[in-house]
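One structure is given below, encoded as structure tokens.
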Amino acid sequence: MSELPPPPATRRLGASDIAVSPIAWGMWRLAEKGRTAGDAAKLVHAALDAGITLLDTADIYGFDGSGGFGDAEALLGEVLAAEPSLRGRMVLATKGGILPPLPYDQSPDYLRKAIEDSLRRLQVDSVDLWQIHRPDILAHPEEVARVLDDAVASGKVRALGVSNFTQAQIAALQHFLGQKLVSTQPEISPLRITCFENGELDQAMMMGLTPMAWSPLGGGRLAAPETARDKAVAAALDAVAGAQEVSRSVAAYSWLMAHPAGIIPIIGSQTPARIAEAADARKVRWTRKDWYAVLVAARGERLP
Ligand code: NAP
């Protein structure tokens, strides 16, 4: 059976001229375990050395239920301040719009301040991608669009994306924006397959949005599956991983990357060796038979 096309060495974010690696590295867990700026620098280097140029953070990363808001951005900011040449080697993505203890806030004043605060913590003049982290259903998309267009016009943000938006929310925001959204960031993994059949990825392809997959290993569950269903998914991945001499995690990343929407998995590991091995995902080849075997295991029932 013929193989699915391999992922390209670089992708463009949406219709923008921003070239990125087909794999990203995420910093949700960066500010955990008392990591210092020195520890964070090692992880940033591990990602860049592995050819991963798209780095994803958020203002809320580091928040632990009471404090820590902004800590992951601040750590990365220290890394960038200590080694300014790193900034030019990465496509820097962050997010805002979740304000604990209130869940979500995309009022104009809050959004403007959130973007400014992220730049200050990151110690940069601009970010390449700014994403709304989760939709605020009390914000009118026309007002949100105005603030975001202003952020791009001022040079603080190069391109715009969303995360955890419904298809209708994406369409509504795009309707009012003066430019094209470049990315969407839903949860996608071999354990979280809803977007393959609910239209989200079809909409991304139609609108030219680059899908960035959060928690591509199900937050680590795929590494230690517990339920019968999760074990079946792991076994379907292991069949390909074993034959092609890669780890199950790498097989999982490559499974996402084989989708025609050009999914970019966001590697969540904060272990240098695991970040480095993610680069192997470009080498794995999938046939339709093997790809669908993983999907069927995740569905828990045969295809119709
Ligand atoms: P993940 O890749 O699904 O899970 C990573 C976790 O799995 C880490 O704790 C890692 O531990 C663990 N793990 C265990 N065995 C592993 C192995 N063999 N290989 C790799 N990792 C292994 O991703 P995630 O951290 O949940 O999320 C990834 C990124 O997605 C985040 O950093 C963030 O950028 C983004 N995200 C976005 C949203 C959103 O709402 N937009 C939500 C969640 C996440 P070690 O660190 O010890 O390796």
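As the structure lists them, so they are numbered: ligands from 1, and atoms in each ligand from 1.
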A223 heavy atoms within 4.0 Å reach ligand 1 at atoms 14 (C), 15 (N), 16 (C)

Give the atoms of ligand 1, by number and element, whose distance to some non-hydrogen atom of S269 is under 4.0 Å. 20 (C), 21 (N), 45 (P), 46 (O), 48 (O)

Protein heavy-atom partner closest to atom 19 (N) of ligand 1 - residue, atom, separation in Å: S249 OG, 3.2 Å

What do we get for A224 next to ligand 1 when only non-hydrogen atoms under 4.0 Å count, side chain, backbone, both or neither? neither

Nearest candidate to atom 40 (O) of ligand 1, where distance is taken over non-hydrogen atoms, out of I266, N164, L222: N164

For the pair D105 (side chain) and D136 (backbone), establish whether a donor and an acceptor sit closer than 3.5 Å, ignoring hydrogens and angles. no

Is any side-chain heavy atom of R89 less than 4.5 Å from a side-chain heavy atom of H45? yes

Between F196 and W291, is a ring-ring contact (aromatic ring centres under 6.0 Å, His included) present by the stated rule, with each step listed? CA-CA 12 Å; F196 291 112; W291 197 94; 5.5 Å; yes

For atom 34 (O) of ligand 1, closest protein heavy-atom neighbour: D56 OD2, 2.7 Å

Give the residue and atom name of whichever protein heavy atom lies nearest to atom 27 (O) of ligand 1, and the separation in Å to one decimal. S215 N, 3.4 Å

Between the OG1 atom in T287 and the CG atom in L4, the distance rounded to the nearest 0.5 Å is 7.0 Å

From Y61, W28, W25, W214 - option closest to atom 30 (O) of ligand 1 by heavy atom: W214

How would you list all residue pairs meeting ring-ring contact (aromatic ring centres under 6.0 Å, His included) that involve residues 80-114, not counting sequence neighbours? none

Shortest protein heavy-atom distance from atom 11 (O) of ligand 1, along with the residue and atom involved: R274 NH1, 3.7 Å

Atom pair CG (D17) and CZ (R158), whose distance is rounded to the nearest 0.5 Å: 5.5 Å

With atoms numbered from 1 as shown, which atoms in ligand 1 lie under 4.0 angstrom from a non-hydrogen atom of G268? 2 (O), 5 (C), 23 (O), 24 (P), 25 (O), 28 (C)

Compile the donor-acceptor pairs under 3.5 Å between side chains in residues 263-275 and protein atoms, sequence neighbours left out, one pair per line.
unit_1: S269; atom_1: OG; unit_2: T271; atom_2: N; d: 3.1
unit_1: Q270; atom_1: NE2; unit_2: G26; atom_2: O; d: 3.0
unit_1: Q270; atom_1: NE2; unit_2: G268; atom_2: O; d: 2.9

Run the numbers for me: atoms of ligand 1, each under 4.0 Å from some heavy atom of G218, listed by number. 3 (O)

Students should be able to answer this: which protein heavy-atom is nearest to atom 12 (C) of ligand 1, and at what distance? G220 CA, 4.1 Å

Under a 3.5 Å threshold, yes or no: a donor from one side chain and an acceptor from the other, between S118 and E73? yes

Which ligand 1 atoms are under 4.0 Å away from a heavy-atom of Y253? 20 (C)

Strictly distance-based, threshold 3.5 Å: is any side-chain N or O of R112 a donor or acceptor partner for the main-chain N or O of I115? no

Identify, for atom 21 (N) of ligand 1, the protein heavy atom at the shortest distance, and state residue, atom and that distance. L217 CD1, 3.5 Å

At a 4.0 Å cut-off, with the gap strictly under it, does some heavy atom of R248 reach an atom of ligand 1? no

Backbone, side chain, both or neither: what part of K95 comes under 4.0 angstrom of ligand 1, heavy atoms only? side chain

Below a 4.0 angstrom heavy-atom separation, can you tell me which part of R29, side chain or backbone, both or neither, approaches ligand 1? side chain

State, without any angle test, whether D109 and S107 hold a side-chain donor-acceptor pair at a distance under 3.5 Å. no

Say whether, by atom type as modelled, one donor and one acceptor occur between the side chain of T210 and the main chain of R12 under 3.5 angstrom. yes

Considering both backbone and side-chain atoms of G219, is one of its nitrogen or oxygen atoms within less than 3.5 Å of a nitrogen or oxygen in ligand 1? yes

Test item: T53 side-chain N/O and S21 main-chain N/O as donor-acceptor pair under 3.5 Å: yes

H133 neighbourhood, listing ligand 1 atoms whose heavy-atom distance to it stays under 4.0 Å: 39 (C), 40 (O), 41 (N)

Just to confirm my output: which protein heavy-atom neighbour is closest to atom 46 (O) of ligand 1, and how far is it? Q270 N, 2.8 Å

If only atom types and distance count, is the side chain of R146 paired as donor or acceptor with the main-chain N or O of E143 below 3.5 Å? no

Taking only non-hydrogen atoms of P216 and a 4.0 Å limit, the atoms of ligand 1 in range are 1 (P), 2 (O), 3 (O), 23 (O)

Which is it for S163 and ligand 1 at heavy atoms under 4.0 Å: side chain, backbone, both or neither? side chain

Donor-acceptor contact below 3.5 Å, side chain E83 vs main chain E78: no

In terms of atom number and element, which parts of ligand 1 are under 4.0 angstrom from non-hydrogen atoms of Q185? 35 (C), 36 (N), 37 (C), 38 (C), 39 (C), 41 (N)

